[in-house]
Number of protein chains: 2
Amino acid sequence: MDKQNIFIYDTTLRDGTQGEKINFSAEEKLRIAQRLDDMGFHYIEGGWPGSNPKDVRFFEMAKGIAFRNARLTAFGSTRKPGVRPEKCRNLRALLRADTPAVAIFGKSWDLHATEILGISLEENLEMIRDSVVFLKARKKEVIYDAEHFFDGWRCNPAYALETIKAALDAGADWIVLCDTNGGAMPHDLTAAVREVAKIVPFERLGIHVHNDCGLAVANTIAAVHAGAAMVQGTINGYGERCGNADLTSVIGNLQLKMGRRCLPEDSLRQLANLSFYVSDIANVRPIPFRPFVGTSAFAHKGGVHASAVAKNPQAYEHIRPEWVGNRQRVLVSDLAGKGSIVLKAKELGVDLGDNEAVSRKILHEIKRLEDHGFQFDAADGSLSLLMKKITGAFKEPFTLQCFNITNAKTGNNPSLCQATIKISVGDEEELTAAEGNGPVNALDHALRKALTKFYPQISEMHLVDFKVRIVEGSEGTAARVKVLLDSRDAQEVWSTIGVSENIIEASWQALVDSIQYKLSRDKLNKNRDA
Amino acid sequence: MDKQNIFIYDTTLRDGTQGEKINFSAEEKLRIAQRLDDMGFHYIEGGWPGSNPKDVRFFEMAKGIAFRNARLTAFGSTRKPGVRPEKCRNLRALLRADTPAVAIFGKSWDLHATEILGISLEENLEMIRDSVVFLKARKKEVIYDAEHFFDGWRCNPAYALETIKAALDAGADWIVLCDTNGGAMPHDLTAAVREVAKIVPFERLGIHVHNDCGLAVANTIAAVHAGAAMVQGTINGYGERCGNADLTSVIGNLQLKMGRRCLPEDSLRQLANLSFYVSDIANVRPIPFRPFVGTSAFAHKGGVHASAVAKNPQAYEHIRPEWVGNRQRVLVSDLAGKGSIVLKAKELGVDLGDNEAVSRKILHEIKRLEDHGFQFDAADGSLSLLMKKITGAFKEPFTLQCFNITNAKTGNNPSLCQATIKISVGDEEELTAAEGNGPVNALDHALRKALTKFYPQISEMHLVDFKVRIVEGSEGTAARVKVLLDSRDAQEVWSTIGVSENIIEASWQALVDSIQYKLSRDKLNKNRDA
């Protein structure tokens with residue numbers, strides 16, 4: 001049994017959104033679900049259709065998607081007290097979600113049955129049995145979440161076990177032991193799982209724990225060690241209070257340290273990127289010191305450590321960072337910096353020539369701008385332009401004469417937003433105007449309209465993402481703003497950046513970089529073709 | 001032995017500063033050390049006097065301080081290869097620090113001796129013995145850190161044990177087993193500590209682990225469970241790569257969950273404040289979901305949970321938040337139920353009356369708006385207004401007639417941004433204009449200017465933070481924008497929100513809410529006073 005594969009059950013889209021400030025639209029949920037499916041996650045819990053309209057919409061949209069690896073799962077509770085399953089709105093909403101698997105939670109802690117629900121212990125068992133039987137009769141894979149199992153085990157172990165047996169006998173495919181309050185100590189949890197493993201076989205036993213004691217990852221791998229085959233958790237550990245078990249750490253530990261296969265190796269090498277992707281969609285700052293996947297996870301600051309890892313990485317690294325798509329960093333040395341400039345230029349296809357002064361000048365300029373709020377690791381397009389400007393390989397394709405944006409609002413009517421712009425290309429001038437859904441959108445429309453006459457290929461590109469971040473948050477609306485734009489054409493996606501106290505200025509810089517990048521790349525290709 | 005007290009060894013000031021972006025001046029170190037001493041920490045590792053002048057200065061300054069509870073400790077390494085202890089600069093710097101205790105680290109992993117230091121295994125043992133004997137002869141309490149002990153144990157257990165015996169026989173007061181790379185699994189670590197505990201007595205055995213697998217807290221309490229009396233770690237888990245064991249969690253678990261006394265109860269109630277104090281000095285953002293001490297640690301968002309904790313807090317709280325100086329919070333979002341609305345209204349001081357239809361209507365409105373991109377768990381001010389508007393307790397303090405914003409840019413000059421606004425209060429109208437660093441800043445200035453005539457108390461408030469988020473990032477600059485504002489006056493800080501495709505519209509909504517909140521709260525206070 002020791003080396004059997006583990007099933008990964010992701011609940012980022014449901015339990016993860018219970019975290020403070022974690023919020024996904026139905027469309028964002030779908031993007032994350034597809035990414036998890038691509039990577040080979042086994043179960044994706046998409047939401048609680050009985051609790052809110054957004055989750056209902058998510059499952060509607062998901063019906064059109066073919067998942068290749070994952071079983072999409074809808075979450076809900078057992079039937080309400082005193083209501084037959086066929087009449088229970090919650091169970092009916094679960095069926096309407098039309099997923100191959102459903103997860104329902106029931107009470108394992110006597111206190112919750114008697115004191116919170118106000119029902120008898122026997123009625124609680126009936127609710128569990130009825131609900132599982134009802135769902136199994138409708139051909140669902142049923143995952144039974146034994147809520148508060150470990151608290152129940154502590155206070156009334158015989159009854160806690162009875163609730164599990166009720167679900168098991170009713171035909172539940174999985175019994176998942178939950179540490180809902182996150183208060184269990186690993187040695188107690190291990191002992192409890194060992195007892196349960198005597199009646200629930202390995203391939204039907206799961207674990208779901210919270211992080212209130214900072215032990216969610218430890219408790220999850222302890223449960224696997226004690227005989228569970230399914231682990232539930234969330235990407236980056238998002239979740240209520242202190243969060244759920246962080247699947248990026250759980251998968252890293254199980255697969256790389258304990259030899260238990262969770263995902264294909266190829267997917268493991270996307271782990272750091274997945275963590276970043278989800279924090280980006282959630283629009284929360286990634287935690288740099290997050291195990292395995294954080295940007296500091298393999299960053300060496302101490303002089304002793306930095307020189308030792310240069311001799312032998314395992315001296316101060318518990319795994320190779322590449323295995324999870326991360327990388328080693330040494331904090332911070334001017335020489336190491338110049339080396340990476342040369343590497344990066346190569347990657348971007350920019351020719352720096354043989355003059356060392358050029359890469360030194362680029363490094364200096366990057367440091368100056370980053371100190372001002374720029375962030376070039378997120379804006380390859382702007383970085384490539386900056387390099388070309390310093391090497392002299394770049395010529396401005398147009399000059400701004402002036403622009404003017406107005407945004408007028410009357411009473412409760414929506415704003416009317418317009419931009420006029422005058423640019424010149426060589427000796428020719430162009431003055432034009434456009435409307436938009438806001439100042440940046442109007443400016444974008446006007447600039448393209450003015451330029452398309454000179455550079456028709458601009459019509460091939462369009463913006464795909466627009467992010468705004470505040471660089472310093474201590475001066476109210478006068479704080480500095482960082483704008484990141486993603487643009488694409490048929491060939492590629494590129495990112496550009498602008499920074500200013502004025503969001504319109506910052507957006508303008510990023511817009512101009514975005515168009516200049518497109519023109520400079522196409523010109524390069526044309527020269528190559530010629 | 002099971003319930004003996006545990007010694008807390010804090011290394012925030014030394015190992016903590018190896019963390020990326022963690023940096024303390026000597027004066028700041030002193031303030032933290034005094035705070036830890038006041039709270040009853042047993043050992044405070046102040047720095048590595050052999051490695052940098054700042055730490056030398058810290059120990060100089062510390063000589064003037066009488067610590068009441070803690071033993072101040074200076075950190076260093078064993079003597080250098082081929083150098084007698086009396087001649088070793090590092091050991092001499094340790095003595096000059098003039099502390100009652102010293103900690104030195106030595107190599108337990110054969111790979112580090114032979115490959116990194118390039119010495120024989122026997123010479124390594126001599127370095128350990130010599131250094132301990134030298135320091136003991138000078139009346140120091142000696143804490144021996146067995147670096148990489150668990151990697152050594154994995155690769156060459158007999159030799160790892162020999163290094164420990166060398167330190168023990170030479171008279172070291174403490175043997176501290178270090179998981180320097182943070183790669184040990186709790187079950188392996190437990191087995192190793194049990195073996196060591198056969199030769200090192202409980203009251204001389206310590207543990208020092210890193211968090212590279214997300215297991216530092218678990219490994220620390222596992223070592224105590226297996227027979228260690230001293231735990232080393234840092235406040236908030238600051239430290240190289242993924243950090244050290246977070247003492248706030250370690251202490252919470254040992255004292256509240258395992259019944260092992262670490263600090264006086266009074267000090268335990270300062271734990272949340274200590275965490276905030278240290279992050280404040282380090283100038284890094286506190287992690288809200290940090291176990292025990294984070295602001296989200298006892299925050300309930302799901303409707304089921306919020307109504308259950310109202311009945312009985314232990315339903316979803318593993319400890320009472322007051323025990324560690326934290327507090328319960330209810331978060332309102334589209335996941336909430338009617339119960340959380342009632343609780344939240346109470347927290348915000350809004351009277352909902354006895355009519356159930358009111359809280360149902362509020363809940364419905366919240367769900368509708370959150371589906372549209374609003375996020376009320378991050379905007380208490382807007383939530384309070386929304387409630388007051390629905391109960392009818394709120395009267396609009398002013399009406400917008402119109403505003404107009406222009407942003408003009410010429411060539412490479414900075415933009416010039418102006419706003420004009422016309423509002424009315426009762427029958428009176430006010431038309432005014434203002435400039436700003438961008439459209440939102442200009443609008444903010446103009447609105448305040450227009451309103452101050454009617455509501456002079458507006459001059460008491462100002463904006464302290466401004467956040468912009470994109471709700472859906474898939475339509476370029478036409479995506480919807482969410483603006484969050486934090487405002488403050490002498491009394492409190494409040495957050496408001498706006499959502500629109502147009503950033504100016506979204507900012508306007510949040511600005512208006514911010515001012516309306518201030519006016520409605522002041523009016524309430526005035527009525528109360530009257």
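It should be emphasised that the depicted structure is a prediction, and the values quoted were computed from it without experimental measurement.
Heavy-atom minimum distance, Phe374(B) versus Asn23(A): O-ND2, 4.0 Å.
Using a 4.5 Å cut-off between heavy atoms, His187(B) contacts chain A through its side chain alone, with no backbone atom that close. No part of Asp486(B) comes within reach of chain A, as not one of its non-hydrogen atoms sits under 4.5 angstrom from that chain. For a residue to count as touching a neighbouring chain, one of its non-hydrogen atoms must lie under 4.5 Å from one of that chain's; by this rule Ile319(B) does not touch chain A.
With respect to chain B, the highest number of heavy-atom pairs below 4.5 Å among Pro439(A), Gly182(A), Gly243(A), Ser249(A) belongs to Pro439(A). Put simply, of Gly19(A), Ala408(A), Cys213(A), the one with the most heavy-atom pairs under 4.5 Å next to chain B is Cys213(A). In terms of heavy-atom pairs under 4.5 angstrom with chain B, the leader among Pro288(A), Ser296(A), Cys417(A), Gly183(A) is Ser296(A). Put simply, of Gly294(A), Cys242(A), Cys402(A), Ala216(A), the one with the most heavy-atom pairs under 4.5 Å next to chain B is Cys242(A). Chain A forms the most heavy-atom pairs under 4.5 Å with one residue out of Ile405(B), Leu416(B), Thr406(B), and that residue is Ile405(B). Of the residues considered (Pro186(B), Ala218(B), Ala299(B), Pro414(B)), Ala299(B) shows the highest number of contacts with chain A, using heavy-atom pairs under 4.5 Å. When each of Asn253(A), Leu111(A), Ile287(A), Leu400(A) is scored by its heavy-atom pairs under 4.5 Å with chain B, the top score falls to Asn253(A). Put simply, of Gly237(A), Gly252(A), Ala315(A), the one with the most heavy-atom pairs under 4.5 Å next to chain B is Ala315(A).
Here Tyr316(A) and His112(B) bring their ring centres to under 6.0 angstrom of each other.
One finds a salt bridge joining Glu505(B) and Lys409(A) here, because a Lys/Arg side-chain nitrogen approaches an Asp/Glu carboxylate oxygen to under 4.0 Å. Under a 4.0 Å N-O distance rule, the pair Glu115(A)/Lys311(B) does not qualify as a salt bridge.
For the residue pair Asn502(B) / Asn407(A), a side-chain donor-acceptor distance below 3.5 Å is found, with atom types taken as modelled.
Looking at Phe289(A) and Glu240(B), their side chains never come closer than 4.5 Å, going by heavy atoms from C-beta outward. Within the 4.5 Å cutoff, the side chain of Ile503(A) has no heavy atoms near those of the Val440(B) side chain.
Remark: Asp212(A) engages Arg241(A) in a salt bridge (charged side-chain N to carboxylate O under 4.0 Å, His left out) (not counting sequence neighbours).
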